[in-house]
Protein chains: 4
Amino acid sequence: MSVQTRGKLLRAAKKVFSEKGYYNAQISHIIDTAGVARGTFYLYFKSKEEILKEILKEVVKELKDRIKEVDLRYDPIDQIVANIKRVLDFALEERDLARIVLQRNCDPKLFSIIEDFFEEVTLMVETSLKKGIALGLIRECDTYVLAKALIGGVKEVIVGLLDKEEVDTEKVAKDLVSFGLRGIWKGGGSYGGFGSI
Amino acid sequence: MSVQTRGKLLRAAKKVFSEKGYYNAQISHIIDTAGVARGTFYLYFKSKEEILKEILKEVVKELKDRIKEVDLRYDPIDQIVANIKRVLDFALEERDLARIVLQRNCDPKLFSIIEDFFEEVTLMVETSLKKGIALGLIRECDTYVLAKALIGGVKEVIVGLLDKEEVDTEKVAKDLVSFGLRGIWKGGGSYGGFGSI
Amino acid sequence: MSVQTRGKLLRAAKKVFSEKGYYNAQISHIIDTAGVARGTFYLYFKSKEEILKEILKEVVKELKDRIKEVDLRYDPIDQIVANIKRVLDFALEERDLARIVLQRNCDPKLFSIIEDFFEEVTLMVETSLKKGIALGLIRECDTYVLAKALIGGVKEVIVGLLDKEEVDTEKVAKDLVSFGLRGIWKGGGSYGGFGSI
Amino acid sequence: MSVQTRGKLLRAAKKVFSEKGYYNAQISHIIDTAGVARGTFYLYFKSKEEILKEILKEVVKELKDRIKEVDLRYDPIDQIVANIKRVLDFALEERDLARIVLQRNCDPKLFSIIEDFFEEVTLMVETSLKKGIALGLIRECDTYVLAKALIGGVKEVIVGLLDKEEVDTEKVAKDLVSFGLRGIWKGGGSYGGFGSI
DNA sequence: AATGAATGAGTGTTCATTCAT
DNA sequence: TATGAATGAACACTCATTCAT
């Protein structure tokens, strides 16, 4: 088992899945891109499905590494911004991976790893929201809806950035947090005619 | 050409695409669900791809009908809430359609209709944001990022609701708008230690 | 049973078979050309194969009418020229039919009617050749080969004429007969060692 | 890519096309005859159409090799006889190919290669005829009609020979040339009013 | 006599996977 | 460890034919 060959295949698969999507990607494309023979592929991966899962697992691992628990002894905002920045950086460093992951593909068999991860993140966010509400920092709200909205927002923004050349991820992260927080933050003032909501 | 048969096929296809995704959906599944013969399918639709596009076109049409331009002579908030409520209602009435549409599928040939529509909506939102900024109602921000985030939020929330039985769409719409507005709304007060951003 | 509808279908089928060939011709093409409904076709013809056979039968009948036995009491050459002229005229009047018939199609089931007819004509020609040889008018030769060659020549010439606008069939018929009778060689001298043949 | 497998497929296709004709031939027949799996066929040929074209190209190549330009410094008759003999030999050695080629099939897409070749040969013959006329060796005539007739004659004779076991191709070639050159008429006397032609 | 919606057996083609070398 | 020829199940699509109206 050569680690290099495995690497070549993984890199090729990321590229191909990203460009064509899982179903339009063919083993032929992957091995051509990797420059190995057909049989070699099956020496390293049991099936087309397996190499996808391998890739998804890698992504989840990397993302988990980059999302760090917020330590309330320090300014939480800075930490959230840093988390989002790290996620954005990863997405833009590995655009192929981001494209694969963010193409929600309904086949639950295939993308369960990703779905589960997002589920986890959603829960994490919801928990944070609840904590914030309990602490009186965050307004009362449907935490489930809010959590979904926050994550969906980040996802969509990433998709939007994948085709941009140069992105100031720090600024985008701050924009997002600023947007998110000022929205959920228990503000003082009333908002125009919006008091009726 | 019988309108009923066409309807049966469309309904069946929506169900099957929704449950299995486009690529795992087979003509056999569709015609079995519709209860017609194989040849009949091709009497009404040129190909598997075409019936998908037909469905997507229908969705876009329906959504465009439900999203009404905001008339600034009246309270814009109420109108935005109503728009989002109508979209949520449609998604929940036609959950199959929503599932099909919200599965971002990388094949651009297939989903271009949807992508184009979302592009349009994004632009619409961006324009509104800019107008709001010009009017001094909305804070300065990266309108592109914000628009993406808003739409992504709504999308993700819809996905989250598709498995819930009973949903109070009015409430969810209000929550979403409340969240979105208080975020982008040019508030008076400062926000905790957040002034540094 | 309306004779007109039957006629419309036959005419349409001739056109379509001629243009597309039997296998590429579809019932749809025929009924569209004829301007009748699908079911109507099967009111008049049992199958696609049957309408072809009907057409072929018609051709054979017409050709048999136009090829008249040579009456040796009169100048046989004139009669042969007249026969060929009548065949050429028919082919050019009904070019669609000629095209159908002269596309030798290997499916023996389908074109047996035509093959049988040509077989008959070949035999007729062979018999005439033998009679001519017996009478000392025609040189000794392999009558089978000669008969085939003669008929093949006429067939190919017809195919060649089908795309010409104006054809002087009388002249072509005379050319063909003249050629058949005397060859292309300018009488007189022997050529090289060819005297031995 | 194994040359043997490709050969097996080509041989099988020749047999099947020859026996059933292109349209009635199925991939199943070809692979069963060749003794390979379905997928293997498509490893070597893009489609059913392509294998036919491959075969036709082969035929044209072989025929071009066997038809040699007539060198006027030597006896042209002998060379023509030799040419025809070589063509007849090929047809009888590869009867399947001959059957495929001589089944004029109207689909121009498919048989254009062959039609083009025959067109070429016709032109070649016409040119030769014109040269002969210019040299005073050949009688004035419609060279187009004559060329067609000559080629048609040879074609039909070949078709007639395909079912015969033992054929003396040399003799047949001589008969054909002799016929072409001198006609069937036993030289000498004029016949009836035919002198006028 | 005519219609045209519906049928379904049939067929070319694809592509993930295997296995002998 | 690598190769690539071979496999065959799977699937989209076609089109002659039927039949209820």
remark   = B:Glu49 CD to F:dC11 P, in whole Å, measures 18 Å
message = I need the OH-P distance between C:Tyr23 and E:dT11, as an integer number of Å.
response = 12 Å
message = Enumerate the side-chain hydrogen bond (donor to acceptor under 3.5 Å, both in side chains) contacts for residues 41-51 of chain B, please, sequence neighbours excluded, ordered by first and then second residue.
response = B:Glu49-B:Lys53
query = In whole angstroms, how far is the C1' atom of E:dT14 from the CD1 atom of A:Ile27?
reply = 13 Å
query = Sequence neighbours excluded, which residues qualify as side chain to side chain donor-acceptor pair (under 3.5 Å) partners of D:Arg95?
reply = none
message = If the condition is side chain to side chain contact (heavy atoms under 4.5 Å, CB included), which residues does A:Ala91 pass it with, not counting sequence neighbours?
response = A:Ala98, A:Ile158
request  = Whole angstrom is fine here: how far is it from CD1 in D:Ile31 over to P in F:dT7?
outcome  = 9 Å
End-to-end axis angle, where each axis spans five pairs of the helix from E:dA2-F:dT21 to E:dT21-F:dA2, to 10° = 10°
task = Go through residues 4-12 of chain C and report each residue with a non-hydrogen atom lying under 4.0 Å from DNA chain E, sorted by number.
result = C:Thr5
task = Using side chain to side chain donor-acceptor pair (under 3.5 Å) as the criterion, list what pairs up with D:Asp65, not counting sequence neighbours.
result = none
ask   = Between E:dA6, E:dG12, E:dA16, which nucleotide has the shortest distance from any of its atoms to the side chain of D:Gln26?
value = E:dG12
query = Between A:Lys46 and D:Lys48, which is nearer to the 5' end of DNA chain E once each is assigned its nearest nucleotide?
reply = D:Lys48
query = With the threshold set at 4.0 Å, does a side-chain nitrogen-carboxylate oxygen contact exist between B:Arg99 and B:Asp163?
reply = yes
ask   = Below 4.0 angstrom from OP1 or OP2 of F:dC13, is there any side-chain N or O of B:Tyr42?
value = yes
Quick test: give all pairs of protein nitrogen or oxygen and nucleotides 7-9 of chain E nitrogen or oxygen below 3.5 Å, distance rounded to 0.1 Å.
unit_1, atom_1, unit_2, atom_2, d
E:dT7, OP2, B:Ala37, N, 2.9
E:dT7, OP2, B:Thr40, OG1, 2.9
E:dG8, N7, B:Gly39, N, 3.0
E:dG8, O6, B:Gly39, N, 3.2

ask   = Under 4.0 angstrom, heavy atoms only, what part of the nucleic acid is D:Tyr44 near: base, sugar-phosphate, or nothing?
value = sugar-phosphate
key: Set of salt bridge (Lys or Arg N to Asp or Glu O under 4.0 Å) partners for B:Glu120, sequence neighbours left out   = B:Lys64
note = Residue set satisfying side chain to side chain contact (heavy atoms under 4.5 Å, CB included) with B:Ala25, at least two apart, ordered chain then number -> B:Val16, B:Phe17
note = D:Ala34 meets the side chain to side chain contact (heavy atoms under 4.5 Å, CB included) criterion, sequence neighbours left out, with D:Lys8, D:Leu9, D:Ala12, D:Val36
ask   = Looking at residues at least two apart in the chain, or sitting in another chain, which of them share a side chain to side chain donor-acceptor pair (under 3.5 Å) with A:Thr5?
value = A:Ser2
Residues in side chain to side chain donor-acceptor pair (under 3.5 Å) contact with C:Glu58, at least two apart in sequence or another chain = C:Lys14
inquiry  = Strictly below 4.0 Å, N to O, side chains only: are D:Glu54 and D:Arg6 in salt-bridge contact?
reply    = yes
Protein-nucleotide distance (B:Ile51, atom CD1; F:dC13, atom C1'), rounded to Å = 14 Å
task = Give the rounded distance in Å between these two atoms: CG of C:Asp32 and P of F:dC15.
result = 13 Å
inquiry  = Rounded to whole Å, please give me the gap between NE2 in B:His29 and P in F:dA12.
reply    = 9 Å
